[in-house]
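Numbering of ligands and ligand atoms starts at 1, following listing order. Keep in mind that this is a model prediction, so the values were computed, not measured.
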Amino acid sequence: MAAQAVPAERLAARAWFSGAKFGLFIHWGVYSELGAGEWVMHNRKIAVPAYETLAATFDPTKFDATAWVALARRAGVRYITITARHHDGFSMFQTGATPYNIVDWTPFKRDPLAELALACRAAGIKLFFYYSQLDWHHPDYWPRGATAWDNGRPDSGDWSRYRTFMNVQLTELLTHYGPVGGIWFDGMWDKPDADWQLDTTYALIHRLQPAALIVPNHHQRPRAGEDVQTFEQDLPGANTAGFNTSYVSGDLPLETSLTMNDSWGFNITDTSYKSVRTIVGYLVRAAGNGGNLLLNVGPRPDGTISPEFVARLDSVGAWLGTYGAAIYDTRGGPVPPRSWGATTQRGDTVFVHVLDWPDPLLALPPLGARVRSAHLMRGGAAVPYRQSAAGVTLELPPAAGELDRVVVVITTGR
Ligand code: FHN
């Protein structure tokens with residue numbers, strides 16, 4: 001069957017996504033209560049009835065969507081991706097498909113996604129919904145997949161009913177919250193060979209919201225109907241995490257999702273926070289690869305976000321306040337990421353991001369166009385340079401503790 005043309009509104013949404021460069025990932029759910037990450041149900045082999053009891057106590061009374069969105073704005077993100085339903089199967093939104101949701105099952109009784117959607121719209125931030133295809137709770141997630149354990153569910157189920165359940169929920173997510181940025185799928189890797197009928201689900205999404213993007217975290221090459229290739233804990237093409245594909249799409253937008261410590265969901269004992277330098281390095285290298293960084297926070301069960309996350313987001317936001325023009329709405333530059341840093345580009349301007357280079361001279365390969373001038377982004381001082389057929393050499397000022405010495409190189413065009 002011939003590939004279907006991608007409609008204009010989705011191409012425009014992809015172009016927007018490519019320029020957005022920075023998003024905030026939020027993993028938040030019943031698991032947050034135990035402070036041991038979003039896999040706690042699986043890792044501690046918690047039976048369904050016990051987890052249901054835990055879910056019935058979820059009461060994040062300090063949740064304030066406007067405070068979360070204010071933080072996101074300070075950080076400089078252009079989109080938020082939040083867990084609507086994670087592998088524990090608990091819906092963090094009002095759904096008619098199951099009573100096992102935050103409005104009907106908990107004393108909280110509010111729909112945080114509705115509140116977040118309103119706050120995001122007011123702030124001009126796009127909202128994406130993370131949706132787990134893997135489910136440790138639903139009886140019809142059968143046959144079970146690689147992460148199965150004996151958790152009290154019957155050894156039977158109706159897979160086609162489960163698919164219908166997902167499509168009903170996706171319909172709700174795409175019709176009750178206004179325009180959404182897209183759906184971020186996860187968990188298909190639990191049963192990669194099952195009959196997911198992705199074409200039907202993708203067609204449904206694109207019919208309900210023609211500009212919504214499908215971002216599948218299946219760790220495979222992108223398929224028809226998918227809009228973004230996302231990499232987990234890795235820059236595009238890298239596979240330090242052990243499950244990413246080394247294939248990198250040449251035409252789809254790219255994204256790297258990254259934890260700020262070593263956990264996605266709130267983890268009270270995980271203090272391995274990345275430094276601001278490391279996070280900015282990921283943002284720059286993601287942009288140098290032509291991709292976005294989706295940086296994660298795991299809010300606490302009361303709905304607040306820990307100061308360690310807040311401080312880092314504020315610092316990255318302050319950095320973007322100075323250097324944002326070298327990140328937002330750029331594409332990967334003429335020099336692919338190197339150990340010293342990366343390049344980004346907009347029009348005739350190449351931004352050379354020097355993250356880690358101790359010497360005064362930095363030699364670049366040819367930039368594909370003649371250099372007309374070079375200056376430091378901060379302060380504007382001219383940067384002496386030499387060019388020849390072999391490339392361009394920049395004479396850098398000494399590093400003064402900056403996270404990234406950005407040299408703005410104006411070329412004659414390509
Ligand atoms: O299992 C999940 C994990 O909990 C988390 O949501 C990450 C985010 O990229 N994705 C899965 C692992 O691939």
Side-chain angles (χ1 to χ4, degrees), residues 22-46 51 77 79-93 113 128-138 141 144-149 151 166 181-192 194 196 213-222 226-236 238-246 253-268 270 272 274 279 282 286 291-299 301 309:
F22 192 26
L24 181 67
F25 211 175
I26 303 180
H27 275 72
W28 192 51
V30 166
Y31 43 81
S32 313
E33 289 193 86
L34 298 182
E38 77 290 352
W39 272 63
V40 64
M41 182 183 182
H42 174 275
N43 292 347
R44 292 207 190 139
K45 303 285 174 269
I46 301 176
Y51 201 86
V77 303
Y79 62 100
I80 291 176
T81 304
I82 184 163
T83 44
R85 196 172 71 106
H86 205 268
H87 311 333
D88 64 359
F90 187 78
S91 300
M92 290 291 285
F93 60 102
L113 298 199
F128 288 68
F129 293 132
Y130 170 111
Y131 191 81
S132 174
Q133 294 153 307
L134 157 61
D135 192 310
W136 294 325
H137 176 272
H138 200 292
Y141 188 81
R144 297 188 198 112
T147 62
W149 77 99
N151 70 8
M166 287 197 294
I183 303 293
W184 206 98
F185 282 113
D186 201 357
M188 205 192 95
W189 40 260
D190 188 57
K191 287 177 29 154
W196 292 97
L213 299 176
I214 292 176
V215 191
N217 187 36
H218 49 37
H219 310 153
Q220 298 171 3
R221 286 170 80 113
E226 300 175 345
D227 297 291
V228 174
Q229 189 181 7
T230 195
F231 296 81
E232 182 174 336
Q233 303 280 37
D234 267 314
L235 292 166
N239 187 15
T240 61
F243 39 61
N244 288 306
T245 165
S246 56
L254 307 173
E255 179 184 65
T256 287
S257 64
L258 186 75
T259 51
M260 230 187 287
N261 49 7
D262 289 334
S263 311
W264 298 101
F266 178 57
N267 188 330
I268 203 157
D270 181 356
S272 313
K274 294 176 179 64
I279 295 169
Y282 268 101
N292 297 1
L293 179 68
L294 180 62
L295 183 64
N296 184 71
V297 297
F309 290 128

Where on Trp184 is there a heavy atom closer than 4.0 Å to ligand 1, on the side chain, on the backbone, on both, or on neither?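 Within the 4.0 Å criterion, Trp184 contacts ligand 1 through side-chain atoms alone.
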Which segment of Asn296 sits under 4.0 Å of ligand 1 when only heavy atoms are counted: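 Neither; no heavy atom under 4.0 Å.
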Check each atom of ligand 1 against the heavy atoms of [X] and keep those under 4.0 Å away; list them by number with element.
| X | value |
| --- | --- |
| Ser257 | 9 (O) |
| Tyr130 | 6 (O) |
| Asn217 | 9 (O), 10 (N), 13 (O) |
| Trp39 | 1 (O), 2 (C), 3 (C), 4 (O) |
| His86 | 3 (C), 4 (O), 5 (C), 6 (O) |

From the options His86, His27, His87, select the one residue that forms a ring-ring contact (aromatic ring centres under 6.0 Å, His included) with Trp264.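 With Trp264 as partner, ring-ring contact (aromatic ring centres under 6.0 Å, His included) holds for just one option, His27.
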Check: of His87, His219, Glu232, His27, min heavy-atom distance to atom 2 (C) of ligand 1 comes from His87
Close side-chain approach of [X] to [Y], heavy-atom, < 4.5 Å:
| X | Y | value |
| --- | --- | --- |
| Ile46 | Leu34 | yes |
| Asp88 | Glu38 | no |
| Lys274 | Thr259 | yes |

Just need the protein heavy atom nearest to atom 11 (C) of ligand 1, so name the residue and atom and give the distance. Asp186 OD2, 2.9 Å
Have Gln133 and His218 got a donor and an acceptor in their side chains that come within less than 3.5 Å?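 Note: Gln133 and His218 side chains miss the donor-acceptor criterion.
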Can a side-chain donor-acceptor contact be found between Ser246 and Asn239 if the only test is distance below 3.5 angstrom?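 Ser246 and Asn239 do not have a side-chain donor-acceptor pair below 3.5 Å.
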Glu38 to ligand 1: N or O pair under 3.5 Å? yes
Between ligand 1 and Phe243, can you find any atom pair, the residue atom being a heavy atom, that is separated by under 4.0 Å?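 Not so, Phe243 does not reach ligand 1.
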Looking at Tyr51 versus Trp136, is the centre-to-centre ring distance below 6.0 Å?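 So the answer is no for these two rings.
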For Trp184 and Tyr130, take the angle between the two ring planes, folded into 0 to 90°, and tell me which bin it lands in: parallel under 30, tilted 30 to 60, perpendicular over 60.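 Parallel, since the angle between the ring planes stays under 30°.
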